[in-house]
Protein chains: 2
Amino acid sequence: MAHFPCAKEIDAKEVLKEKGLKSTPQRLAVLHVLHESTKYLSINNILDKTKEILPNTGLATIYRTLDVLADIGLISRVHFEDGCHTYAYSSDSHGHHIVCTKCNKIMDFAECPFEDYMENLSKRTGFKINNHFLQLFGECNECAGNAN
Amino acid sequence: MAHFPCAKEIDAKEVLKEKGLKSTPQRLAVLHVLHESTKYLSINNILDKTKEILPNTGLATIYRTLDVLADIGLISRVHFEDGCHTYAYSSDSHGHHIVCTKCNKIMDFAECPFEDYMENLSKRTGFKINNHFLQLFGECNECAGNAN
DNA sequence: ATATTTGCAAAGGATTTGCACACAC
DNA sequence: GTGTGTGCAAATCCTTTGCAAATAT
């Protein structure tokens with residue numbers, strides 16, 4: 001199997017093995033690409049960079065691999081404002097929501113716990129933070145209270 | 001023009017007028033549907049419910065209307081794990097990211113400012129919060145420091 | 001009266017799937 | 001050796017767009 005200088009490679013191999021998944025060059029290459037990149041990459045960016053390592057990689061493999069890696073927690077899904085088209089009524093400008101994963105109930109909450117934290121985080125990261133997106137998932141009291 | 005019992009209708013009309021947009025039955029109906037619903041609705045759910053009010057509404061109108069309403073802040077975009085396929089490397093299980101909207105630089109941060117807040121929010125909303133999604137947008141120090 | 005908005009249908013992209021072959025275990 | 005994973009191409013799905021007719025102002 002090919003070998004790539006990915007800091008998380010050994011870890012990744014173990015995580016994959018734990019889940020009964022194979023450590024394929026493609027999976028390690030995609031992880032490597034994401035790990036090395038300091039920028040957001042589109043699916044095609046990821047494909048191109050992966051092809052620099054494994055020229056025959058197909059687009060479908062990228063999709064499948066990203067799903068696998070996200071499912072086992074080695075990467076995470078990132079949301080962009082214009083990349084995701086689902087909407088909910090919002091009673092205030094923050095528009096944060098809590099979603100019940102059992103019944104889909106949705107509740108928006110006005111106050112934003114981050115306001116204070118932002119400044120702190122701005123200083124530490126060097127980012128001037130303009131906007132934020134927060135969403136909570138859980139079970140509403142009916143679903144949590146009633147049986148499964 | 002049709003009239004719907006939407007608490008925010010008058011407000012919506014004003015906001016639309018302010019922006020030079022027309023208060024069409026479709027826009028008010030979609031807003032009404034989202035406002036009345038306590039649950040997350042898919043695009044097709046929104047179409048179906050809107051058709052209960054205005055039977056001839058087309059799907060394209062739903063998309064256009066949701067965009068307009070989101071742009072003027074009357075509704076907000078909601079992200080679901082499987083509804084948005086963009087990924088980034090994640091160095092910890094939280095996987096929160098800050099994204100620079102100018103150069104696309106992405107930085108993940110380990111600590112989660114919500115940990116403490118969760119319990120508090122759980123009590124107030126009645127939701128048992130299992131998971132959360134947080135993402136920040138801004139400008140990295142190079143982009144913020146350098147000219148535009 | 002006029003410019004915006006809508007509905008329909010067609011176009012366009014993005015993502016997924018089927019299947020034979022390759023490969024990690 | 002076996003079953004999972006991959007590559008290719010086709011199929012599918014979601015979203016956007018063009019245009020003529022309708023309509024809010």
Side-chain angles (χ1 to χ4, degrees), chain A residues 1-4 9-10 12-31 33 40-48 50-72 74 77-87, chain B residues 1-4 9-10 12-31 33 41-48 50-51 53-72 74 77-87:
Chain A
M1 173 167 41
H3 188 87
F4 310 109
E9 185 186 338
I10 293 152
K13 281 186 179 177
E14 270 171 27
V15 176
L16 286 163
K17 181 183 270 186
E18 269 172 30
K19 309 276 178 177
L21 300 165
K22 295 182 179 175
S23 289
T24 65
Q26 290 84 351
R27 285 171 180 173
L28 297 178
V30 168
L31 186 61
V33 164
Y40 156 69
L41 301 174
S42 70
I43 296 285
N44 282 316
N45 292 157
I46 296 171
L47 175 64
D48 292 344
T50 302
K51 277 185 163 175
E52 289 172 12
I53 304 173
L54 298 169
N56 293 329
T57 308
L59 183 55
T61 297
I62 300 295
Y63 280 105
R64 286 183 288 221
T65 299
L66 290 170
D67 260 354
V68 167
L69 294 176
D71 285 347
I72 65 182
L74 291 173
R77 296 179 173 92
V78 175
H79 168 71
F80 279 79
E81 276 294 298
D82 56 359
C84 186
H85 298 276
T86 304
Y87 302 81
Chain B
M1 174 164 44
H3 189 87
F4 310 108
E9 184 186 337
I10 293 150
K13 282 186 177 177
E14 269 171 28
V15 176
L16 286 164
K17 181 182 268 187
E18 270 172 31
K19 309 277 178 177
L21 298 164
K22 294 182 179 174
S23 290
T24 65
Q26 290 84 351
R27 287 172 178 169
L28 298 178
V30 168
L31 185 62
V33 164
L41 300 174
S42 70
I43 295 286
N44 281 316
N45 291 157
I46 296 171
L47 175 63
D48 291 344
T50 302
K51 277 184 161 174
I53 304 173
L54 298 168
N56 292 329
T57 307
L59 184 54
T61 297
I62 300 295
Y63 281 105
R64 286 183 289 221
T65 299
L66 290 170
D67 260 353
V68 167
L69 295 176
D71 286 346
I72 63 181
L74 291 174
R77 297 179 171 92
V78 176
H79 167 71
F80 278 78
E81 276 295 297
D82 57 358
C84 185
H85 298 277
T86 304
Y87 302 81

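Every chain is numbered from 1 and lettered A, B, ... according to where its sequence line falls, protein lines coming before strand lines.
Taking CD1 of A/I53 as the reference point, atom CD of A/Q26 lies at 11.0 Å (rounded to 0.5 Å). Rounding to the nearest 0.5 Å gives a distance of 5.5 Å between CG of A/L31 and CG of A/L74.
For C/dA24, the OP1/OP2 oxygens have no side-chain nitrogen or oxygen of A/S23 closer than 4.0 Å. The shortest distance between the side-chain N/O atoms of B/T24 and the OP1/OP2 oxygens of C/dT6 is below 4.0 Å. For the pair B/Q26 and C/dG7, the criterion of a side-chain N or O lying under 4.0 Å from OP1 or OP2 is met.
Residues B/T65 and B/T50 form no side-chain contact, since every pair of their non-hydrogen atoms from C-beta on lies 4.5 Å or further apart.
In this structure, A/L31 places its CG atom 16 Å from P of D/dG5, rounding to the nearest Å. Look at CG on B/L16: it is 12 Å from C1' on C/dT5, rounded to the nearest Å. Atom CG of B/L47 is separated from atom P of C/dC8 by 10 Å (rounded to the nearest Å). In this structure, B/L66 places its CG atom 15 Å from P of C/dT5, rounding to the nearest Å. Computed from coordinates, the A/I62 CD1 to C/dT17 P distance equals 17 Å when rounded to whole Å. Rounded to an integer number of Å, the gap from CD of A/E18 to C1' of C/dA24 is 18 Å. Remark: P of C/dT5 and NZ of B/K19 are 14 Å apart, rounded to the nearest angstrom. Between the CG atom of A/N56 and the P atom of C/dC21 there is a distance of 17 Å, rounded to whole Å.
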Protein and nucleotides 9-12 of chain D: nitrogen or oxygen contacts under 3.5 angstrom:
none

Considering only nitrogen or oxygen atoms on both sides, find all protein atoms under 3.5 Å from nucleotides 1-4 of chain D and state each distance.
unit_1	atom_1	unit_2	atom_2	d
D/dG3	N2	A/K22	NZ	2.8
D/dT4	O4'	A/K22	NZ	3.2

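Annotation: side-chain contact (heavy atoms from CB on, under 4.5 Å) contacts of A/N44 (sequence neighbours excluded): A/S42, A/L47, A/L59. With sequence neighbours excluded, no residue forms a side chain to side chain donor-acceptor pair (under 3.5 Å) with B/D48.
Minimum atom distance to the side chain of B/Y63 is reached by D/dC14, of the listed C/dA24, D/dA24, D/dC14. For A/R64, the side-chain atoms get nearest to C/dT17 when compared with the rest of C/dG7, C/dT17, D/dA24.
When every heavy atom of A/I72 is checked against every heavy atom of A/K19, the shortest pair comes out as CG2-CG, 3.8 Å. Across every non-hydrogen atom of B/L16 and B/R27, the tightest pair is CD2-CD, 4.3 Å. Pairing each heavy atom of A/L28 with each of A/K13, the nearest pair is CD1-CE, 3.9 Å.
Direction of the helix axis in the helix from C/dA1-D/dT25 to C/dC25-D/dG1 shifts by 50° between the two five-pair termini, rounded to 10°.
Judged by closest nucleotide on DNA chain D, B/N44 is the one of B/N44 and B/K17 placed further toward the 5' end.
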